[in-house]
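In what follows, every heavy atom counts, from backbone to side chain, and hydrogens, waters and symmetry copies are set aside. Lettering of chains follows the sequences in order, A, B, ..., and the numbering in each one begins at 1.
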Amino acid sequence: MPAFAPVDEQLEYISKGTAEIIRLPELRERLERSRATGKPMRVYAGFDPTAPDLHLGHTVLLRKLKHFQDLGHTAIFLIGDFTAMIGDPTGRNVTRPPLTEEEITRNAGTYLDQVYRILNPEQTEVRRNSEWFSRFSAADFIRLSAKYTVSQMLEREDFHKRFQEEKPISMHELLYPLAQGYDSFMLECDAQLGGTDQKFNLMVSRDIQRAYGAALPEIVVTTPLLEGMDGVQKMSKSYGNYIGIAEAPREMFGRIMSISDDLMWRYWELLTDISMKGIEAMRREASEGANPMLFKKGLAQRIITDFHDEAAARQALDDWEKQFQRHEAPDDVELVEVPYSEVRAKGDSEADLVRLDKLIARAGLAPSASEGARLLTQNAVRMDGEVKKDPIVAWQVGRDCVVKVGRRMKRVRVV
RNA sequence: GCACAGGUGGGUGAGCGGUUAAAACCGACAGACUGUAAAUCUGUUGCCCUUCAGGGCUACGGAGGUUCGAAUCCUCCCCUGUGCACCA
């Protein structure tokens with residue numbers, strides 16, 4: 001284990017891309033202590049085993065965890081398998097069906113596969129909170145609840161708001177932060193990471209640790225919530241504005257290119273290791289006339305390199321330029337076969353006639369045939385580059401051609 | 001348990017017996033313009049059948065009912081909130 005870097009250096013590295021560090025002086029102390037004793041800090045972040053598809057938004061936090069690892073500290077990846085059974089902490093949804101043991105194990109597995117694209121497995125301690133909670137008795141839970149008061153709970157903005165608006169707040173939601181705090185206590189961690197939306201819960205953790213007699217409460221590090229592709233709401237699967245880390249390079253490239261210029265700087269900050277200075281420099285260049293698209297291409301390549309490799313990033317760039325800047329069809333458009341019987345147009349012509357609206361629905365280029373018909377009237381459909389308006393088109397069975405609907409395209413063969 | 005207020009399309013939210021596939025706004029999608037950016041303008045925005053035309057079927061928490069006709073009225077049920085009661 002190499003010696004720890006000077007504390008100031010560590011602090012700078014940790015600070016980039018965080019929203020808030022509660023208590024910075026305490027963090028400094030701990031870093032100093034770990035440097036003196038040679039003992040790494042224990043840094044923890046908790047995860048719900050219910051979201052197996054990670055997206056870039058999740059990686060902001062994971063990257064921060066990785067930064068601690070880079071500095072030689074221990075990252076604790078806590079799977080909230082027990083708390084997942086309690087249910088949804090946001091209260092938006094009705095209680096989800098409890099996950100079975102196998103489901104949790106499977107989810108955790110796919111989770112880790114993805115997480116290890118960022119974290120160093122060697123320096124990661126994977127834990128589950130069922131370790132302690134499965135042995136927690138009802139009495140223990142009541143004792144835990146006794147550590148906190150209702151008015152303390154209502155300080156949380158979300159609860160406060162819902163309380164005022166006469167919206168439901170379930171009891172189990174109040175237990176959630178407590179359980180999370182107990183996790184911190186059991187893990188004996190020095191710091192906990194979470195998104196800014198978790199700040200309240202993280203602060204509760206400090207209180208719980210104290211209440212259970214921990215010598216020092218953990219340091220809280222919050223990371224900003226990354227905006228999704230819309231640039232407004234946080235990236236989330238339910239808003240459909242996410243870029244998944246398991247997506248194919250080309251897909252990823254396209255999505256990154258479609259974010260707004262403003263948002264791009266945010267992505268540079270939270271998703272790359274380029275220093276703020278470097279980002280400012282690019283920004284200045286752009287404001288002085290450089291085409292921001294060039295920087296966006298650079299961003300896309302960097303991110304793709306992180307999750308795939310450099311060659312893939314290079315290829316994605318080439319493909320993108322070919323397809324969108326030179327308007328050429330890429331050579332490996334996805335091929336879909338569509339049975340003739342499902343798209344045949346009724347007619348007495350001797351040629352094979354196909355209903356285009358149905359065809360694009362069947363090929364997955366539109367959600368329904370009705371929608372397909374609408375797209376047709378909007379000049380959104382092209383066959384081999386040629387705009388089609390008429391839903392009936394001659395199409396010999398066995399032949400394939402590139403069908404483009406808006407931005408999406410597929411090679412379709414009628415069989 | 002009782003009373004009151006609510007439950008409408010992806011979201012917010014109108015409608016309160018027919019002209020309502022359901023206003024408006026947002027979002028989403030498409031077209032123009034571009035750098036697959038933003039902004040702007042235009043159009044579309046339940047499903048299915050039908051080569052424009054036209055037709056059919058679902059939809060306003062759930063189930064029944066009243067009506068020629070219900071998202072709109074009645075009954076019961078479910079869910080949410082508030083107040084009261086009960087319990088402590």
Pairwise N/O distances under 3.5 Å, protein to nucleotides 26-28 of chain B:
none

With a non-hydrogen cut-off below 4.0 angstrom, is [X] in contact with a base, only sugar-phosphate, or nothing?
X: Lys358(A); result: sugar-phosphate
X: Ala366(A); result: nothing
X: Ser368(A); result: sugar-phosphate

Using the [atom1] atom as the reference point in each nucleotide, state the distance between [N] and [M] in Å, no decimals.
N: G55(B); M: C60(B); atom1: P; answer: 24 Å
N: G9(B); M: A5(B); atom1: C1'; answer: 23 Å
N: G46(B); M: G64(B); atom1: C1'; answer: 26 Å
N: G65(B); M: A59(B); atom1: P; answer: 15 Å
N: A71(B); M: A38(B); atom1: P; answer: 40 Å
N: A28(B); M: A37(B); atom1: P; answer: 14 Å
N: G7(B); M: A14(B); atom1: C1'; answer: 15 Å
N: U51(B); M: U42(B); atom1: P; answer: 34 Å

Report task. Take atom CZ of Arg355(A) and atom C1' of U50(B), then tell me their distance rounded to the nearest Å. Result -> 7 Å

Query raised in the report: Glu371(A) CD to G10(B) C1': how many Å, rounded?
Result: 13 Å

So, using salt bridge (Lys or Arg N to Asp or Glu O under 4.0 Å) as the criterion, who are the partners of [X] when residues are at least two apart?
X: Glu269(A); answer: none
X: Asp318(A); answer: Arg314(A)
X: Asp207(A); answer: Arg210(A)

Requested in this report: May I ask you to evaluate whether Arg374(A) reaches the phosphate of C47(B), defined as a side-chain N or O under 4.0 Å from OP1 or OP2?
Outcome: yes

Give every pair of a protein N or O atom and an N or O atom of nucleotides 53-55 of chain B that lie under 3.5 Å apart, one pair per line with the distance.
none

Report summary line: In this structure, CG of Leu270(A) is separated from OG1 of Thr272(A) (nearest 0.5 Å) by 9.0 Å

Report summary line: Sequence neighbours excluded, the answer for ring-ring contact (aromatic ring centres under 6.0 Å, His included) partners of Phe47(A) is Phe77(A), Tyr111(A)

Requested in this report: Indicate whether the side chain of His58(A) and that of Gln114(A) have a donor and an acceptor atom separated by less than 3.5 Å.
Outcome: no

Query raised in the report: Would you say the side chains of Asp113(A) and Thr110(A) form a donor-acceptor pair under 3.5 Å?
Result: no

Donor-acceptor contacts, no H, no angles, side chain residues 282-290 of chain A, under 3.5 Å, sequence neighbours left out:
{"unit_1": "Ser287(A)", "atom_1": "OG", "unit_2": "Arg284(A)", "atom_2": "O", "d": "2.8"}

Query raised in the report: What string of B, S and - do you get for nucleotides 34-39 of chain B 5' to 3' if you count protein non-hydrogen atoms under 4.0 Å?
Result: -BBBS-

Query raised in the report: Does Gln378(A) get its side chain close enough to the base of G43(B), under 3.5 Å, for a donor-acceptor pair?
Result: yes

Query raised in the report: Taking 4.0 angstrom as the limit, do Glu280(A) and Lys277(A) come out as a salt bridge?
Result: no

Requested in this report: Would you mind listing every ring pair (Phe, Tyr, Trp, His ring centres under 6.0 Å) that reaches into residues 186-214 of chain A, with sequence neighbours excluded?
Outcome: Tyr182(A)-Tyr212(A), Phe185(A)-Tyr212(A)

Query raised in the report: Are the side chains of Ile303(A) and Phe253(A) in touch, meaning some heavy atoms are under 4.5 Å apart?
Result: no

**Report entry** Heavy atoms from other residues, nucleotides or ligands near CD of Glu188(A) exceed 12 (cutoff 6.0 Å)
**Finding:** no

Query - Whichever of Ala361(A) and Asp390(A) has its nearest RNA chain B nucleotide further upstream toward 5' - result: Ala361(A)

Query raised in the report: Which residue pairs pass the side chain to side chain donor-acceptor pair (under 3.5 Å) test when at least one of the two sits in residues 16-26 of chain A, sequence neighbours left out?
Result: Glu20(A)-Lys199(A), Glu26(A)-Arg206(A)

Report summary line: Residue pairs passing the side chain to side chain donor-acceptor pair (under 3.5 Å) test with at least one member in residues 245-262 of chain A, sequence neighbours excluded, are Glu247(A)-Arg255(A), Arg250(A)-Asp319(A), Arg250(A)-Asp332(A), Glu251(A)-Arg255(A), Asp261(A)-Lys296(A)

Report task. Determine, step by step, whether Gln198(A) and Gln192(A) satisfy the side-chain hydrogen bond (donor to acceptor under 3.5 Å, both in side chains) criterion, reporting the C-alpha distance in whole Å, the side-chain angles of both residues, the deciding distance to 0.1 Å, and the verdict. Result -> CA-CA 11 Å; Gln198(A) 291 294 309; Gln192(A) 182 175 185; over 6 Å; no

Query raised in the report: Got a minute to check which stems RNA chain B is part of, using Watson-Crick or G-U wobble pairs under 3.5 Å, three or more consecutive?
Result: B:1-7 with B:78-84, B:10-12 with B:24-26, B:27-32 with B:40-45, B:46-49 with B:54-57, B:61-65 with B:73-77

